[in-house]
Amino acid sequence: MSFPLLTATAALPAVGAILTAAVPAARRTAAKWLALLVSLATLALAVTVLVRFDPDGDRYQLTESRAWIADFGVRYELGVDGIGVALIGLTALLIPFIILAGWHDADPSPSSRLRSSGGGPNETKAPYKWRPTQGFFALILAVEAMVIISFEATDVFLFYIFFEAMLIPMYFLIGGFGDRAHAGSDENASAQRSYAAVKFLLYNLVGGLIMLAAVIGLYVVAGNFSLQEIAEARANGTLDMATNTERWLFLGFFFAFAVKAPLWPLHTWLPNAMGEATAPVAVLITAVVDKVGTFAMLRFCLGLFPEASKWATPAILVLALISIIYGALLAVGQRDIKRLVAYASISHFGFIILGIFVMTSQGQSGATLYMVNHGISTAALMLVAGFLISRRGSRLIADYGGVQKVAPVLAGTFLIGGLATLSLPGLAPFVSEFLVLVGAFARYPVVGIIATVGIVLAALYTLVLYQRTMTGPVKPEVSAMPDLRVRELVVVAPLIALLIGLGVYPKPLTELVNPAVEHTMSDVQKKDPEPEVEAAK
């Protein structure tokens, strides 16, 4: 029996989470290093998956299948296509940087040590009994494990379990380890963190419960949960869903994925969650966890319900356009740096969903690349913003000015992250956005024209953010601001290099995902529109 590589890639961070949580309370540094080493080992396994995957081979590779709950047709089935491999690589790549960036985010304050030990002002040597640091890094590894297995699962029920389970560690990361640069009292900050965490959980739980009903309905219709078996049954005519049944099941799945993505008007939890979470956790939300929603639209919505996907396309394109424009407009008006990045992400997810549902190979390839490139660019911008906020102790744009004169490296990396966010040519997101718009123009020219407004607005909110924080006179509060330290450079430099490298040479990524996109186009029985060329006179 071959080595279960996909299982190992998901199991390693899960085991690492347990071991990190078990580290003694006084060994905070050891817990950090353990979590970092586990994340690097997981990255090595993800690279092995990438190396062993053949883009021109079978659609699903490195497959594993074992009986699980036989009475209900549930199997432990894993397999990856090019899209899944790309997103597993993105997840495994970002987690070490998230851990390094949050190296001190969960260190307990002296007052919390006293409270946990029951000591008074003269009892600072008493060992505190709770483990905030261990818990923080254990939860990050737990999220990584659940996200990776979500990208691998080809059994619908198996996917659903981890799609929902990842909400629990994320709830505690948002509510228990909030941003320390919060305006107002500690009580007010704690209340807002709790509100953001509960809102995140409730929104996603409602979506998950609706999806559960659809999952059960799918089993009633198909008799099993296997993505591959259902697709084969549809292809050979042994499974014929009634039109209304397929549409209702599609809506149940799509609703859950639209909440996770997030798509307007189901997006309102994201600005609260990203604003109140630490910067590394904010990256975990939007660059890693939210990608499960858009990935699932490609794998499950289009794969299981092709006719319903085509039926719903006009409405989804309208929602995607609203997300693009609405998110960008609200980003322009933001005074909070982290909420600005959150609304910008809503606009970018609109582009991803637009690319998926224009039903062209360029659009879907662009959407897949956008998932990867948005993850890298948002990580770069948000983590540098986190370093900036930790120095000043404020998230408000108005509290900054002239930073580039006192911290030029920080300002320079912030600028590159911002330029990537507005999809500047030569940086990775440009290729993604260009392909999405080409795919949109090919089938829906009016949709493509409206979507380009989002590009103009992205330039506006990004450049205004940089101008107000980094240029102009040096404000007294930032005059002594230190530049990026070695640990912070280790976090940011590889992300900047990737943005430039994939912007200049995206071929390895496009060659990986294009065959998978062709399979998805085949599922929905769509072909690219023929170009309209005026006959020569």
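Atom-to-atom distance recorded for I352:CD1 and K291:NZ is 5.5 Å, nearest 0.5 angstrom. Residue L465 holds its CG atom at 11.0 Å from CG of L460, rounded to the nearest 0.5 Å. Taking CG from L317 and CD1 from I450, the interatomic distance works out to 10.5 Å, rounded to the nearest 0.5 Å. In this structure, the separation between CD1 on I88 and OG on S150 is 10.0 Å, given to the nearest 0.5 Å. In this structure, F351 CZ and L435 CG are separated by 13.0 Å, a value rounded to the nearest 0.5 Å. If you take CG on L427 and CG on L502, they are separated by 10.5 Å, rounding to the nearest 0.5 Å.
R392 CZ: more than 12 foreign heavy atoms inside a 6.0 Å radius. For W103, the CH2 atom sits in a packed shell: over 12 heavy atoms of surrounding residues, nucleotides or ligands are nearer than 6.0 Å. Around CZ of F434, the count of heavy atoms belonging to other residues, nucleotides or ligands within 6.0 Å does not exceed 12. By the neighbour-count criterion of 12 heavy atoms within 6.0 Å, atom CZ of R335 is sparsely surrounded, having that number or fewer from other residues, nucleotides or ligands. Annotation: F172, atom CZ; neighbour count of heavy atoms from other residues, nucleotides and ligands within 6.0 Å does not exceed 12.
Residues L499 and A420 come closest through the heavy atom pair CD1-CB, 3.8 Å. Among all heavy-atom pairs drawn from G448 and L437, the shortest one is O-CD2, 4.0 Å. Nearest heavy atom pair, residue Y171 against residue V198, reads CE1-N, 4.0 Å. Nearest approach of A92 to A46, heavy atoms of both residues: CB-CB, 3.6 Å. Scanning both residues, A261 and I353, for their nearest heavy atoms gives CB-CD1, 4.0 Å. Summarising the geometry of A101 relative to V491, their closest heavy-atom pair is N-CG2, 3.9 Å, with the distance given to 0.1 Å.
Contact check for I337 versus L388: side-chain heavy atoms found under the 4.5 Å cut-off. Looking only at side-chain heavy atoms (C-beta outward), I18 and L141 stay at 4.5 Å or farther from each other. Taking the side chain as every heavy atom from C-beta outward, K260 and L167 approach each other to under 4.5 Å. Between F177 and D105 there is no side-chain heavy-atom pair separated by less than 4.5 Å. Using a 4.5 Å cut-off on side-chain heavy atoms (C-beta onward), H104 and K32 make contact. The shortest distance between side-chain heavy atoms of L422 and F430 does not fall below 4.5 Å. Looking only at side-chain heavy atoms (C-beta outward), I148 and T42 come within less than 4.5 Å of each other. The closest side-chain heavy-atom distance from L340 to Y461 is below 4.5 Å.
Formation of a donor-acceptor pair under 3.5 Å by the T368 side chain with backbone atoms of I83 is not found in this model. N373 places a side-chain N or O within donor-acceptor distance of the main-chain N or O of A428, the cut-off being under 3.5 Å. In terms of modelled atom types and a separation under 3.5 Å, the side chain of K475 and the main chain of A398 share a donor-acceptor contact. In this structure, D483 contributes its side chain and L410 its backbone to a donor-acceptor pair below 3.5 Å. The closest donor-acceptor contact from the side chain of T48 to the backbone of A44 lies under 3.5 Å. Between the side chain of T20 and the backbone N or O of A138, no donor-acceptor pair lies under 3.5 Å. Side-chain atoms of W269 come within 3.5 Å of backbone N or O of V259 as a donor-acceptor pair. Within the 3.5 Å criterion, the main-chain N or O of T421 finds a donor-acceptor partner in the side chain of H348. A distance-only check finds a donor-acceptor pair linking the side chain of T510 to the backbone of K507 [under 3.5 Å]. Checked by atom type and distance alone, the side chain of R395 never pairs as donor or acceptor with a backbone atom of K338 at under 3.5 Å.
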Check against side-chain contact (heavy atoms from CB on, under 4.5 Å), L87 and M371: CA-CA 8 Å; L87 293 174; M371 292 185 223; 3.8 Å; yes
Check against side-chain contact (heavy atoms from CB on, under 4.5 Å), Y326 and L330: CA-CA 6 Å; Y326 171 86; L330 265 65; 3.4 Å; yes
side-chain contact (heavy atoms from CB on, under 4.5 Å) between T286 and H374, worked out: CA-CA 9 Å; T286 191; H374 171 262; 3.7 Å; yes
Criterion ring pair (Phe, Tyr, Trp, His ring centres under 6.0 Å) on F151 and F295, from CA distance to verdict: CA-CA 8 Å; F151 292 139; F295 164 81; 5.0 Å; yes
Trace of the side-chain contact (heavy atoms from CB on, under 4.5 Å) decision for S345 with T378: CA-CA 8 Å; S345 290; T378 298; 4.1 Å; yes
Derivation and outcome, side chain to side chain donor-acceptor pair (under 3.5 Å), residues E477 and Y400: CA-CA 8 Å; E477 295 83 359; Y400 296 88; over 6 Å; no
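Remark: the Y370 side chain and the E433 side chain contain an N/O donor-acceptor pair separated by less than 3.5 Å. Side-chain atoms of Y203 and T268 form a donor-acceptor pair, as typed in the model, at a separation below 3.5 Å.
Across F357, F349, F163, a single residue satisfies ring-ring contact (aromatic ring centres under 6.0 Å, His included) together with F257, and that is F163.
Ion pairing of E276 with R339 is absent here, as no side-chain N (NZ or NE/NH1/NH2) approaches a carboxylate O to less than 4.0 Å.
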